[in-house]
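Beneath this line is the structure, given in structure tokens, with notes to follow.
Scope of the values below: all heavy atoms of this structure, side chains included, with no hydrogens, waters or symmetry mates. Sequence positions, counted from 1, serve as the residue numbers for this chain.
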Amino acid sequence: MNLDFSQMTPYIPYMLEGIWVTLKFVFVALLIGALLGTLLALFKISGPVPLRAFAIAYTSVFRGTPLILQLMLIYFAVPQLTGYDITPFLSAIAAFGLNSAAYISEIIRAGIQAVDKGQVEAAQALGIPYRAMMKDIILPQAFKNILPALMNEVITLTKESALVSTIGYLDLMRRAQVVGASMYRQFEPLLFVGLIYWILVMILTLIGRRIERRLKASDIR
């Protein structure tokens, strides 16, 4: 094996900047996905028929088509259809946010339906309004059930973020490709960012486990 990481040393700060660039758009996409996903889940559970049908169709489309296709459609179709020259960053958060919303909506729906029906019946018997019941009683309990699945979605989104390199967004993967082209050596930069992705995933995994332990400890108390 002919590995030479010494040539890569001057490029390391440039590649490390990609961590912040990657996490920035992943965070915004997750925020969009969580908000829209919660709304879609509520539509599926108790919304009127048109909204329920929309939520089901939305989930079917975004879960049934490749994420990279959705990314490409937004990046290339928006300028063609509207004349607006959308940036790679906006394309990334739109595609990843809309895609994540479909998965998160199913996670939340399953979590809400897993809550004991007696909780809902008791709240209704006490005359608690629907919004207050969902916000203060059902969703907090559902969150404990869905936390592992939500953390898995965060990890999946972080790893799949490498797809945005295909539209020129200067994330970790794209920076590795740029450095590889400058060095005429692709393996070392790719191995380096692969290690960074692995570290990020391990950190997220540990954070998820820590939160789970705290929630379990609060239940015991």
Problem - For Ala41 against Ile108, the heavy-atom pair lying closest together - result: CB-CG2, 3.7 Å

Practice task
State the CG-CG distance between Leu163 and Leu157, to the nearest 0.5 angstrom.
Solution key: 10.0 Å

Problem - Close side-chain approach of Leu172 and Leu200, heavy atoms under 4.5 Å - result: yes

Exercise for the section: Report the relative orientation of the aromatic rings in Phe96 and Phe25; use parallel for angles under 30°, tilted for 30 to 60°, perpendicular for over 60°. Expected result: perpendicular

Handout entry: Connected via hydrophobic side-chain network under 4.5 Å: Ile32 and Leu35
Key = no

Exercise for the section: Please answer: with hydrophobic residues joined when any side-chain heavy atoms are less than 4.5 Å apart, are Leu98 and Tyr84 in the same cluster? Expected result: yes

Handout entry: Side-chain donor/acceptor of Ser165 to backbone N/O of Met173, under 3.5 Å
Key = no

Exercise for the section: Could you walk me through whether Leu67 and Phe62 pass the side chain to side chain contact (heavy atoms under 4.5 Å, CB included) test, one step at a time? Expected result: CA-CA 8 Å; Leu67 175 55; Phe62 278 91; over 6 Å; no

Practice task
Taking all heavy atoms of Ala102 and all of Arg63, pick out the closest pair and write down the distance.
Solution key: CB-CG, 3.9 Å

Handout entry: Any Leu71 side-chain heavy atom under 4.5 Å of Asn99 side chain
Key = no

Handout entry: Straight-line distance of Met151 CE to Ile107 CD1, nearest 0.5 Å
Key = 11.5 Å

Problem - Trace of the side chain to side chain contact (heavy atoms under 4.5 Å, CB included) decision for Ile196 with Leu16 - result: CA-CA 9 Å; Ile196 294 176; Leu16 291 178; 4.0 Å; yes

Practice task
Treating Ile, Leu, Val, Met, Phe, Trp and Tyr as nodes and any side-chain heavy-atom pair under 4.5 angstrom as an edge, say whether Tyr58 and Ile56 lie in one connected cluster.
Solution key: no

Handout entry: Over all atoms of both residues, closest heavy-atom pair of Gly111 and Asn145
Key = O-ND2, 3.9 Å

Fill in the blank from the handout: When every non-hydrogen atom of Arg52 is compared with those of Ser46, the smallest separation belongs to NH2-C, 4.5 Å

Practice task
Indicate yes or no for a side-chain donor-acceptor contact from Thr9 to the backbone of Ser6 under 3.5 Å, with no hydrogens or angles considered.
Solution key: yes

Problem - Val49: hydrophobic cluster co-members (side-chain, 4.5 Å) - result: none

Problem - Backbone N/O of Tyr14 and side chain of Arg175: donor-acceptor pair under 3.5 Å - result: yes

Practice task
Evaluate the criterion side chain to side chain contact (heavy atoms under 4.5 Å, CB included) for residue pair Leu42 and Leu51; output intermediate values, then yes/no.
Solution key: CA-CA 10 Å; Leu42 295 177; Leu51 291 179; over 6 Å; no

Handout entry: For Gln186 against Gly180, the heavy-atom pair lying closest together
Key = NE2-C, 3.3 Å

Practice task
Mark yes when over 12 heavy atoms from residues, nucleotides or ligands other than Phe5 sit less than 6.0 Å from its CZ; otherwise mark no.
Solution key: yes

Problem - Hydrophobic cluster of Leu69, others only, ordered by chain and residue number, side-chain cut-off 4.5 Å - result: Leu73

Problem - side-chain hydrogen bond (donor to acceptor under 3.5 Å, both in side chains) involving Thr65 - partner list, sequence neighbours excluded - result: Gln70

Exercise for the section: Taking the side chain as every heavy atom from C-beta outward, state whether Arg209 and Thr205 have any pair of such atoms under 4.5 Å apart. Expected result: yes

Practice task
Using the rule that two of Ile, Leu, Val, Met, Phe, Trp, Tyr join whenever any of their side-chain heavy atoms come within less than 4.5 Å, decide whether Leu31 and Ile104 are in one cluster.
Solution key: no

Exercise for the section: Give, for atom CD of Glu17 and atom OG1 of Thr22, the distance between the pair rounded to the nearest 0.5 Å. Expected result: 11.5 Å

Exercise for the section: State the CG-CG distance between Leu150 and Leu30, to the nearest 0.5 angstrom. Expected result: 9.5 Å

Practice task
Give a yes or no on whether the backbone of Ser161 and the side-chain of Tyr169 come within a donor-acceptor separation of less than 3.5 Å.
Solution key: no

Problem - Side-chain heavy atoms of Tyr11 within contact of Pro189, under 4.5 Å - result: no

Handout entry: Within-4.5 Å side-chain heavy-atom neighbours: Arg174 and Val21
Key = no

Completion exercise
Between Ile74 and Ser91, the two heavy atoms sitting closest are CG2-CA, 4.0 Å

Practice task
Group every Ile, Leu, Val, Met, Phe, Trp and Tyr by side-chain heavy-atom contacts under 4.5 Å, then state whether Phe27 and Tyr103 land in the same group.
Solution key: no

Handout entry: Basic-acidic side-chain contact under 4.0 Å: Arg109, Glu106
Key = yes

Problem - Nearest-0.5 Å distance, OG1 of residue Thr87 to CD1 of residue Ile167 - result: 8.0 Å

Handout entry: CD on Gln7 to CE on Met183, rounded to 0.5 Å
Key = 5.0 Å

